[in-house]
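What follows is a set of notes on a single structure, which appears directly below.
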Amino acid sequence: MKPPPFAYHAPTHLDEALALLERYGDDAKVLAGGQSLMPLLNFRLSYPSALIDINRVAELSYLRQENGQVCIGALTRQRTIEFSELARRQLPLLHEATTLVGHLPIRTRGTIGGSLAHADPAAEYPTVALVLDAELVLQGPGGRRSIPAEEFFVSYLTTALAPNEIVTEIRFSPAPRTSGWAFEEVARRHGDFALVGVAGVIDTEGEQCRTARLAAAGAGPTPIRLRAAEDILVREGVTEQGIQRAAAKAAELVEPDSDIHASADFRRHLTEVLTRRAIQRARERGQEQRA
Amino acid sequence: MSSTEIGESVEELTPKFVGARVKRREDQRLLTGQGAYVDDHHPPGLLQAAFLRSPYAHARIARLDTSAALTRPGVVAVLTSKDLVPLVKPVRAASKMREYKETSFPPLAVEKVRYVGEALAVVIAESRYLAEDALEWINVEYDPLPTVANAPTAAQPDAPLLHDEAGSNILLSREFARGDVDAALASAAVRVRDRFRFRRHATVCMENRGCLADYPAGTGELTLRSATQCPGLLRDALADLLDMPEHRIRVVAADVGGGFGAKSSLYPEEIVLCAVARRLKRPVKWISDRQEDLKTSTQAWDEIVDAELGLQADGTIIGLRADVTTDIGAYSIYPWTATLEPIQTISFLSGPYRMPHYRGRNRGVATCKAPMGPYRGVGRPVTTFVLESLMDRAARLLALDPAELRLKNYIRADEFPYKTPAGLVWDQASLTECMQKARDVLDADTTTRWRAQARAAGRWVGIGFATYIELTGVGSAIPVSPGMPIATGTEAAFLRIDPAGTVTATFSVAPQGQGHETALAQVVADALGVAFDSVRVICGDTALAPQGTGTYASRSAVLAGGAAIRAGQTLKEKALKIAGHMMESNPANLDIRDGQVFLRDKPERGLPFRAVAKTAYAGLRRLPKDMEPGLEVTRFYDPFFGTASSATHVAVVEVDTETYAVTIKRYIVVEDCGRIINPLIVEGQVRGGVAQGIGAALYEEVVYDDAGQLLTGSLVDYLVPTASELLPIEVHHIETPSPTTLGGFRGMGEGGTIGAPAAIANAVSDALSHLGIEINEIPITPEKLFRLVRAAEGTP
């Protein structure tokens with residue numbers, strides 16, 4: 001389990017990193033926290049001719065409020081987000097999801113940009129980005145562009161990122177103060193990738209549901225936004241029946257695979273259970289917020 | 001530990017350290033990163049090895065060309081089986097057992113490969129990186145052969161053959177019987193039966209396997225440092241395979257990070273590295289990575305058991321019959337052979353109960369998987385799971401309390417020694433006491449009320465019991481693996497008291513974390529009457545140790561402990577003779593305590609033990625007439641039959657009614673391992689064993705697909721429980737000294753793993769009893785429960 005030979009570059013500025021990426025094109029891999037890339041290299045499942053280590057690119061590591069948005073530099077560690085007061089207050093769903101990411105050593109190295117660019121559909125961050133309608137800022141030789149999370153995730157481990165681009169920033173618009181949130185997941189063990197996870201942000205008043213945003217992890221080739229389930233909630237409200245029907249719809253919307261840990265059927269079943277639990281808990285939290 | 005005043009009777013004076021909660025002296029080193037494992041050794045000129053491993057489960061090697069690899073940077077040598085022919089003899093795990101078919105296990109594949117991960121070639125290079133790079137330049141062409149994917153299909157007469165020389169994939173079949181079980185079951189008032197499945201298990205140690213071989217031309221002595229449980233056994237085997245005198249081979253296993261059985265066999269890599277070091281006259285190291293470890297370390301269990309238990313209407317057991325099929329993987333491993341796990345299943349299946357009629361049959365079937373080897377519990381985890389599950393089903397059918405049904409059928413105190421249907425002898429066990437105490441600790445009435453209330457609230461909660469009895473500290477009467485040609489019935493202790501009075505105790509047993517340095521020092525200190533701190537224990541180095549094999553099969557406390565008592569007594573006797581000479585007293589009136597020799601009837605009169613030790617080396621003029629100088633001795637111990645250990649485990653579980661996650665709410669162990677040397681160590685062993693049993697019950701499963709590809713090749717997919725999945729395990733002791741072993745010790749390293757799968761499975765069955773679900777397969781995963789509940793509820 002030693003990686004194949006590769007050239008190693010450790011630029012200190014984003015421009016430098018982008019120039020290297022342009023030079024190698026498809027042949028280079030960007031190394032951030034390394035929590036997915038290094039195993040792939042050590043298993044010799046990936047043979048890049050160069051690694052561009054962006055860990056020294058300090059300008060990519062920040063967490064700040066800007067024009068009512070929370071902007072997080074791509075190199076920001078999960079552990080930083082876990083302990084960020086700003087993230088906890090403004091993005092409580094992201095904060096809660098962070099505590100479910102792997103184990104302490106993984107969160108200490110793992111970055112938000114790395115997790116999104118790797119695009120494992122069972123990971124927490126892609127689902128959070130999707131449910132919170134985050135914008136990803138990508139930078140390439142031609143400049144910057146920004147892309148909504150929903151367009152970013154293309155398929156399993158595949159994104160809209162061009163080979164010569166780097167994710168530089170993730171922008172979140174905080175949900176209204178009155179909304180509640182929940183990230184519910186089932187994993188075989190603490191810290192494992194979720195068999196299924198469901199993230200929800202809903203804004204309710206009594207049984208009325210003003211807005212609902214729901215997405216599932218581990219239930220398809222990308223994180224899946226559960227729009228038809230959201231519609232049911234808004235239409236029928238957070239009544240027992242509305243919640244039940246939304247959860248049942250969620251199970252229809254997902255496209256899970258079978259593997260040695262869970263069958264597609266079981267993942268569908270879990271999607272229903274976790275959607276219901278996420279809605280209920282988000283609703284309770286929303287009520288607490290208002291109180 | 002209460003300190004006893006000098007002057008009390010000798011019986012009260014000893015023991016002093018045995019039984020005390022002495023902190024493990026090795027922990028300072030092991031827990032602060034100061035242990036020295038194989039990979040911590042870096043001799044000058046060190047080379048690294050990387051093995052080319054088969055991606056095919058079964059294939060003929062059509063072409064194997066290493067010439068390009070030899071030209072790669074840093075490569076010193078590339079070897080295949082052809083190169084090994086003049087260097088090593090082939091390995092054959094022999095057994096005298098009838099109906100066992102001996103097969104060959106070449107260190108590097110010859111002509112064909114039989115499982116994914118089997119080594120075909122080795123690259124020796126200046127670094128592991130360069131060695132792995134060069135592996136990609138070895139040219140191999142495989143002609144794939146049909147996969148022998150699982151035991152039931154491999155046992156079919158028309159199945160493709162894995163070993164042509166055997167003529168069948170069934171490498172052994174065996175039957176143990178007593179009475180007329182068919183007639184007994186025909187007359188039974190109640191019969192319970194099922195097909196049980198105990199899935200394949202991997203061994204996950206903190207330290208992967210690894211070894212370092214060195215053969216300096218100057219000395220002509222081969223040193224192998226290996227992460228092994230059995231340095232003595234390896235030394236003897238390597239001498240034969242390499243055709244070297246034993247005294248020219250030194251095997252060292254200093255600090256070893258876990259073994260659990262998987263490090264007790266001789267492995268291809270150990271043989272290859274010795275051969276290479278001898279040829280190159282340079283030290284060579286190989287450290288298994290986690291993927292290699294999961295692919296190539298011996299795997300365990302993997303049984304299908306069809307079992308039926310018959311009882312009278314009052315709950316009295318009358319008979320048990322069982323057919324067991326064990327998937328033994330691709331090769332029969334040295335020295336245990338492929339018979340080890342299969343034979344032990346039918347040996348132990350009759351359990352802790354009076355069993356008038358019994359028949360157990362087993363077939364061991366070869367398949368395209370990593371070889372089967374011992375894992376903590378060997379045979380007993382599955383037999384306990386099967387029998388204890390049948391007991392609970394019988395209790396449900398008879399509307400009896402499951403604990404009462406067990407109490408009714410345990411072998412009674414007056415029936416020991418009890419000969420089992422398979423011919424084992426239980427010297428004594430505290431079955432009833434363990435169960436009664438377990439019920440007390442559980443507070444059975446309160447817990448049953450809690451269960452009723454929780455169920456009324458719609459929760460799925462259950463209580464499960466499991467009792468086992470096992471054979472430990474096995475002596476020469478019953479080899480650890482019957483029929484194998486090596487002796488496992490003896491161990492020795494070599495004690496040296498130096499002139500300053502400090503003691504060096506050297507053993508051929510070799511720990512992988514069990515605390516031998518502490519426990520054996522306690523025994524030696526008591527046997528001699530010296531301070532604990534004045535005894536140093538050395539294990540795991542054949543150049544220092546007396547003849548022996550190593551640490552496995554719950555034997556070290558019994559065998560090494562017994563040898564330590566003998567050696568200590570011998571030296572104490574001699575020391576007292578010298579002291580008597582010095583004090584002009586009758587040695588019979590003297591004793592030693594706290595490093596002080598004293599007169600029993602005048603304890604204030606005495607002299608320091610170190611003065612006696614100094615005198616022992618001072619020459620004939622200072623010694624009693626005809627006494628030989630020195631204070632050193634090696635004593636051997638053979639406990640002959642071995643001794644029984646037993647326990648009752650209780651699990652209280654809750655199953656999530658929607659996600660099917662199983663949460664263990666309480667876990668109780670009441671065990672009897674005889675006289676306890678160190679309760680801290682015993683409790684640590686029990687808890688570690690239960691943790692591994694929880695892994696077996698709920699998480700761990702080696703999965704191969706139909707093409708023989710390993711789907712659990714990393715710790716992302718092979719799930720071992722971590723601290724987050726465990727709970728505080730309540731451990732209680734019944735301490736009944738063994739009537740048959742020196743010191744009264746019984747072995748206890750494996751029991752935790754034996755009881756846990758059964759207790760947890762029974763608790764889950766109890767939690768789901770309203771649905772009529774009976775657990776007959778481990779691990780119990782959420783996926784399996786989801787399917788069982790769906791089937792029970794009639795949902796498609």
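A, B, ... follow the sequence lines: proteins, then strands. Residue 1 opens every chain. Everything quoted here is computed from the prediction, not taken from an experiment.
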Between [X] and chain A, with a heavy-atom cut-off of 4.5 Å, which part of the residue counts as in contact: side chain, backbone, both or neither?
{"X": "B:E136", "answer": "side chain"}
{"X": "B:L135", "answer": "neither"}
{"X": "B:V662", "answer": "neither"}
{"X": "B:D717", "answer": "both"}
{"X": "B:E132", "answer": "both"}
{"X": "B:L130", "answer": "neither"}
{"X": "B:Y660", "answer": "side chain"}

TODO: Identify whether the distance between the nearest side-chain nitrogen and carboxylate oxygen of A:R277 and B:D656 falls below 4.0 Å.
DONE: yes
Interatomic spacing from [atom1] in [X] to [atom2] in [Y] - rounded to 0.5 Å:
{"X": "B:S127", "Y": "A:K2", "atom1": "OG", "atom2": "NZ", "value": "8.5 Å"}
{"X": "A:I260", "Y": "B:E701", "atom1": "CD1", "atom2": "CD", "value": "8.0 Å"}
{"X": "A:L274", "Y": "B:T659", "atom1": "CG", "atom2": "OG1", "value": "8.0 Å"}
{"X": "A:M1", "Y": "B:R128", "atom1": "CE", "atom2": "CZ", "value": "10.0 Å"}

- [ ] For atom CD of A:E240, decide whether the heavy atoms of other residues, nucleotides or ligands shown that lie under 6.0 angstrom number more than 12.
- [x] no
Task: More than 12 heavy atoms of other groups within 6.0 Å of A:Q241 CD - done: no
- [ ] Measure from the side-chain N and O atoms of B:E783 to the backbone N and O of A:H261, and report whether any donor-acceptor pair falls under 3.5 Å.
- [x] no
TODO: Tell me, out of A:P5, A:P3, A:S263, A:P39, who's got the most heavy-atom pairs with chain B below 4.5 Å.
DONE: A:S263
Sequence neighbours excluded and cut-off under 3.5 Å, please list the side-chain donor-acceptor pairs for residues 690-697 of chain B, or say none.
residue	atom	partner	partner atom	Å
B:Q692	OE1	B:R376	NH1	2.6
B:Q692	NE2	B:Y375	OH	3.1

- [ ] Flag the one option from B:V720, B:D705, B:T712, B:L711 with the top tally of heavy-atom pairs under 4.5 Å to chain A.
- [x] B:V720
Can you confirm whether [X] sits close enough to [Y] that some side-chain heavy atom of one is under 4.5 Å from a side-chain heavy atom of the other?
{"X": "A:D265", "Y": "B:F786", "result": "yes"}
{"X": "A:H269", "Y": "B:R790", "result": "yes"}
{"X": "B:S714", "Y": "A:F43", "result": "yes"}

For chain B, which residues from [range] have at least one heavy atom closer than 4.5 Å to it?
{"range": "residues 23-38 of chain A", "answer": "none"}
{"range": "residues 182-199 of chain A", "answer": "A:V186, A:R188, A:R189, A:H190, A:D192"}
{"range": "residues 249-259 of chain A", "answer": "none"}

Open item on the list: Can you tell me which portion of A:R267 sits under 4.5 Å from chain B's heavy atoms? Options are side chain, backbone, both or neither.
Closed with: neither
